[in-house]
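Residue numbering restarts at 1 for every chain, and letters A, B, ... go by the order of the sequence lines. Only a predicted model underlies this, so the values are computations on that prediction, with no experimental measurement involved.
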Amino acid sequence: MTAKRYQPGDHLTPLTKPPVTKIQLVKYSGASGDFNPIHTVEEFAKEAGLGGVIAHGMLTMGFVAQMLTDEIGEEGDLLSFGVRFVDMVRPGDIITCDGVVQEVKEEEGYQVVTCDVWAQKSPGDVRVVQGTATFRKPLT
Amino acid sequence: MELADFERLLGVWSKPVKNEVEKGAIRKFADAIGDPNPLYYDEERAAQSRFGRLVAPPTFSRTFDYGVIPGLEMPTEGLIHGEMFYTYYKPILAGDVLYASFALTDVKERSGKLGRMILLVFTYKVENEAGELVQEAKSIVIYRPEGGGAK
């Protein structure tokens, strides 16, 4: 099987997640060790002026990571991955992750792909995270 | 803490903390994200892969204990996570014994529409038992000394 050859302008395969739930925020708090109550305690989040609980930025980053590892597959490697946290995500939000290839290089049997990546609440809507990632995949 | 208090701590690393990568922790973390990748859950499947063992998702190192920077007292409120950037050198696999540490590597004060902000740049390092770098991360945290909501 010949590996997919990336070109600048190519979209990665987008990933749409099920709606974020309050249970998920509790699970992520436990799994990550980030117990800031703004993610789990409704009254606390309201008092903090947030209007209710918000998702961990790192959870949304985890969604984008899922899109990347799905795209890269088992034989490839993620080399770098960073995001800026731009806007809040709340329970009920449906997050779609997407990316566009910016640069492709060939190195020692691999194609090295740098892309812009982001997550948004719906296509065309404001981006909640925005970043870049570089990965490599074998050429054959 | 104020700008000068943070500045005094620039470049002071925490003592590396031993972290053992547990299968259950990988599975719980992947499950919280809702990522069904079999390499995170299925030991037989992972054993047949080039990794040979369960693999940790890219942001899993968030779960590690990075120790404490002596003298750093981070407030628990008024913090906003601004940015996170990872550089990966080696995969993190179940059973790995890793050493994690962090330092404050830059600090700046800014004034914006949210009022006075202190931007803290933390650098995180994960090394294996052979002393090889496994991954590095940079996190930008925005601290508002006058308080306020968080993202």
(message) Counting only non-hydrogen atoms closer than 4.5 Å, does B/Phe64 touch chain A with its backbone (N, CA, C, O), its side chain (CB onward), both, or neither?
(response) neither
(request) To the nearest 0.5 angstrom, please state how far the CD1 atom of A/Ile94 sits from the OG atom of A/Ser122. (result) 9.0 Å
(request) Using non-hydrogen atoms and a 4.5 Å limit, figure out which bit of B/Ile33 sits close to chain A: side chain, backbone, both or neither. (result) both
(message) Less than 4.5 Å to any heavy atom of chain A: does that hold for the side chain of B/Asp65, its backbone, both, or neither?
(response) neither
(request) Run the numbers on B/Thr63 and A/Ser32 for side chain to side chain donor-acceptor pair (under 3.5 Å), then give the verdict. (result) CA-CA 5 Å; B/Thr63 66; A/Ser32 69; over 6 Å; no
(message) What part of A/Phe35 gets within 4.5 angstrom of chain B, counting heavy atoms only: side chain, backbone, both, or neither?
(response) neither
(message) Parallel, tilted or perpendicular: which one describes the rings of B/Phe102 and B/Phe122, with boundaries at 30° and 60°?
(response) tilted
(message) As a test of understanding, state which of A/Asp10, A/Val104, A/Leu139 forms a side-chain contact (heavy atoms from CB on, under 4.5 Å) with A/Arg5.
(response) A/Leu139
(message) As an exercise: rank A/Arg84, A/His56, A/Glu47 by heavy-atom pairs under 4.5 Å with chain B and give me the winner.
(response) A/Arg84
(message) Let's test your reading of the structure: which of B/Val55, B/Asp31, B/Ile140 forms the most heavy-atom pairs below 4.5 Å with chain A?
(response) B/Asp31
(request) Output yes when A/Arg136 and A/Glu107 qualify as a salt bridge under the 4.0 Å nitrogen-oxygen rule, no when they do not. (result) no
(message) At a heavy-atom distance under 4.5 Å, which candidate from A/Leu59, A/Leu78, A/Ile23 has the highest pair count against chain B?
(response) A/Leu78
(message) I'd like to verify something: which residue of B/Glu136, B/Lys28, B/Met84 has the highest number of heavy-atom pairs under 4.5 Å with chain A?
(response) B/Met84
(message) Using ring centroids (six-membered ring only for Trp), state whether B/Phe60 and B/Tyr86 fall under 6.0 Å.
(response) no
(request) Could you give me the CA-CA distance, side-chain angles and deciding distance for B/Glu2 and B/Arg116, then say whether salt bridge (Lys or Arg N to Asp or Glu O under 4.0 Å) is met? (result) CA-CA 11 Å; B/Glu2 274 300 333; B/Arg116 198 161 65 90; 3.1 Å; yes
(message) Heavy-atom cut-off 4.5 Å, strictly under: side chain, backbone, both or neither for B/Arg50 against chain A?
(response) side chain
(request) Using a cut-off of under 4.5 Å on heavy-atom pairs, state which of A/Lys27, A/Glu74, A/Glu75 scores highest against chain B. (result) A/Glu74
